[in-house]
> 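I'd like to ask you about the structure that follows.
Whatever order the structure lists them in is the order used to number ligands and atoms, beginning at 1. The first residue of the sequence shown is numbered 1, and numbering continues consecutively from there.
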Amino acid sequence: MAQKTEIIVAVLNGPNLNLLGEREPEVYGSASLAEIERATQESARALGVKCSWVQTNHEGQFVDAIQSLKGKADGALINAAAFTHTSLAVRDALLAVRVPFVEVHLSNIFAREPERRRSLLADLAVGVVTGFGADSYRLGLEGLDALLVTSRPTIRYLTGFSGSAGVAVATRGALLLVTDFRYDEQARQQSGAVARVEIEGVSVWDRLFKELGGSTQAGNLIGFEAHALTVKEAERLSSPVASAWRWKPAAELVERLRVRKDPGEVAAIRAAGKLAAEALRETLAAVRPGQTELAIAGVLEGALRRHGSEAHPFPTIVASGPRSALPHAHTSPRTVAAGEWLLLDFGAVVDGYCADVTRTVVVGARADDSQRALYTLVQEAQQRARAGVRAGMSGREADALARDPIEARGFGAAFGHSTGHGVGLEVHEAPRLARTSADPLPENAVVTIEPGVYVAGRGGVRIEDDVHLSADGPVLLTDGCTDLVELV
Ligand code: DQA
């Protein structure tokens with residue numbers, strides 16, 4: 001939306017939006033309408049825009065509010081809520097008044113029930129912002145003309161392209177991917193159906209700016225991923241050639257969409273979880289006292305590859321004996337002795353999607369009583385969180401499912417990391433299951449559940465599985481076989 005001073009934008013909110021905050025927080029987020037209004041007013045002030053704000057549950061009043069815009073507002077942000085899908089009266093009012101408006105929705109209506117995927121208003125709108133939660137209002141107001149995407153997982157998410165070099169731009173209704181000659185065939189194959197692919201022999205960035213000149217206008221506002229740009233790339237945005245556009249750091253917009261996995265994404269993570277289990281089974285059958293951590297990691301990584309993992313999403317952790325008390329140990333040349341813990345934290349990748357698994361076993365002997373007690377404590381905490389975690393629960397509540405029983409037994413200080421994190425195209429992504437996270441866990445997120453207790457000098461136990469937060473509750477995507485394994 002244009003950004004001169006004196007611009008007046010009316011924000012109209014339809015039925016049930018007065019209940020935001022308490023109403024289906026897993027779909028609409030935890031912010032109340034008053035909080036969204038405050039944030040929107042703040043963004044409006046920064047843009048030099050004046051905002052009026054209306055909410056009504058009544059169709060007639062909504063129609064009256066639209067009619068009253070004539071001559072009074074330069075534009076409108078409209079979240080017609082359920083009227084979006086049903087109301088010809090609202091459509092007729094917009095047709096009559098002809099005020100430019102942006103349709104906004106907190107949830108992504110196109111990823112919801114069939115009856116919500118249809119908007120009776122969208123074809124009359126300047127644009128539609130749907131699925132960015134409370135941020136949809138701010139984005140509607142800012143009206144980014146394009147988003148420059150530089151982070152590899154997000155490029156992959158939007159275009160399918162899995163190469164290691166390239167930049168993408170999403171303009172309204174079009175995607176552009178610029179990469180170099182090494183990826184010519186691959187990029188066309190992976191992205192040709194959804195994006196315009198340009199191959200550049202000299203400078204991908206110069207080419208990007210050239211192409212942008214054709215698909216945007218001078219002065220357009222282009223968002224960039226502030227969290228995913230190197231200093232060098234940021235310098236390119238302040239170069240003379242880039243000064244044709246206005247550049248604006250954008251929040252983690254696409255990451256927020258990536259949190260909610262569709263069935264294909266869930267299936268890929270499940271496939272990665274399945275092959276991870278097979279690789280682990282094969283590896284444990286070959287583990288003997290006297291082997292080094294590095295040798296065991298080699299066997300595991302080989303098995304992961306043989307079973308079809310595309311990559312190792314992070315350096316495999318194999319930590320033995322007292323080193324298992326280092327939550328993120330580097331695999332070392334240390335030799336594993338009989339009766340010691342062996343902690344294996346590893347991942348598998350299928351179609352770009354990661355599974356993340358940790359198992360802790362005892363090598364070459366039966367577990368002693370203190371090992372068994374420690375293991376049972378972590379296992380019970382993990383089971384409790386795995387079974388109890390739900391979409392809509394805050395990250396803090398989910399974390400507490402595993403933390404409470406560990407704290408109750410006096411081991412709180414020995415569990416110093418969070419209970420879990422999102423997993424998908426990246427092995428660590430949103431959301432977080434942590435004491436510090438008040439955000440609700442979105443439906444269809446996939447998260448790890450990985451409590452651990454670490455006793456310096458003696459060793460530690462961590463158990464990790466991946467869980468899909470489906471509408472019907474948590475669904476395990478890894479094998480969930482956590483009974484204590486004693487390799488005797
Ligand atoms: C909504 C989506 C509508 O389908 C629903 O009826 C609403 C809210 C949204 O903002 O996501 O009430 O407009």
> Tell me whether ligand 1 is touched by E113 - counting only heavy atoms on the residue side and a distance under 4.0 Å.
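Heavy atoms of E113 never come under 4.0 Å of ligand 1.
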
> Any nitrogen or oxygen of A82, side chain or backbone, less than 3.5 Å from one on ligand 1?
yes

> Quickly, which of R260, H468, E265 forms a side-chain hydrogen bond (donor to acceptor under 3.5 Å, both in side chains) with N444? Name it, please.
H468

> For N16, state whether at least one heavy atom is located under 4.0 Å from any atom of ligand 1.
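Outside the 4.0 Å threshold, so no.
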
> Using the rule given for side-chain hydrogen bond (donor to acceptor under 3.5 Å, both in side chains), can you reason through Y137 versus N13, listing the C-alpha separation, both sets of side-chain angles and the distance that settles it, and then say yes or no?
CA-CA 11 Å; Y137 286 74; N13 294 284; 2.7 Å; yes

> Is there a donor-acceptor pair under 3.5 Å between the side chain of T419 and the backbone N or O of D399?
yes

> For residues 11-27, which residue pairs pass the salt bridge (charged side-chain N to carboxylate O under 4.0 Å, His left out) check, not counting sequence neighbours?
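For residues 11-27: none.
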
> Tell me which protein heavy atom sits closest to atom 12 (O) of ligand 1, plus the residue, atom name and distance to 0.1 Å.
R23 NH2, 2.8 Å

> Between E278 and K274, is there a side-chain N and carboxylate O pair less than 4.0 Å apart?
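Counted as a salt bridge, because a side-chain N and a carboxylate O are separated by less than 4.0 Å.
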
> Give the numbers and elements of all ligand 1 atoms closer than 4.0 Å to a heavy atom of H85.
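Here the atoms of ligand 1 in question are 3 (C), 4 (O).
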
> Please verify the inter-ring angle class for F209 with W245; under 30° counts as parallel, over 60° as perpendicular, anything in between as tilted.
parallel

> Could you tell me, atom by atom, which parts of ligand 1 come under 4.0 Å of a heavy atom of S107?
2 (C), 9 (C), 11 (O)

> Using the benzene-type ring in the case of Trp, are the ring centres of F83 and H85 under 6.0 Å apart?
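Ring-ring flag for F83/H85: false, centres at least 6.0 Å apart.
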
> Hey, does the Lys NZ or Arg CZ of R403 hover above the aromatic six-ring of F415, less than 6.0 Å from the centre and inside 45° of the axis?
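Yes, a cation-pi geometry.
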
> May I ask you to identify the nearest protein heavy atom to atom 6 (O) of ligand 1, giving residue, atom name and distance to one decimal place in Å?
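Among all protein heavy atoms, the one nearest atom 6 (O) of ligand 1 is R116 NH1, 2.9 Å.
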
> At under 4.0 Å between heavy atoms, is it the side chain or the backbone of N79 that contacts ligand 1, or both, or neither?
side chain

> Considering the heavy atoms of Y28, write down every atom of ligand 1 situated less than 4.0 Å from one of them.
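Counting from 1, the qualifying ligand atoms are 5 (C), 7 (C), 8 (C), 9 (C), 11 (O).
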
> Which atoms of ligand 1 have any heavy atom of L106 under 4.0 Å away?
9 (C), 10 (O), 11 (O)

> Please classify the H105 to ligand 1 contact at 4.0 Å (heavy-atom distances, strictly less than): side chain, backbone, both or neither.
both

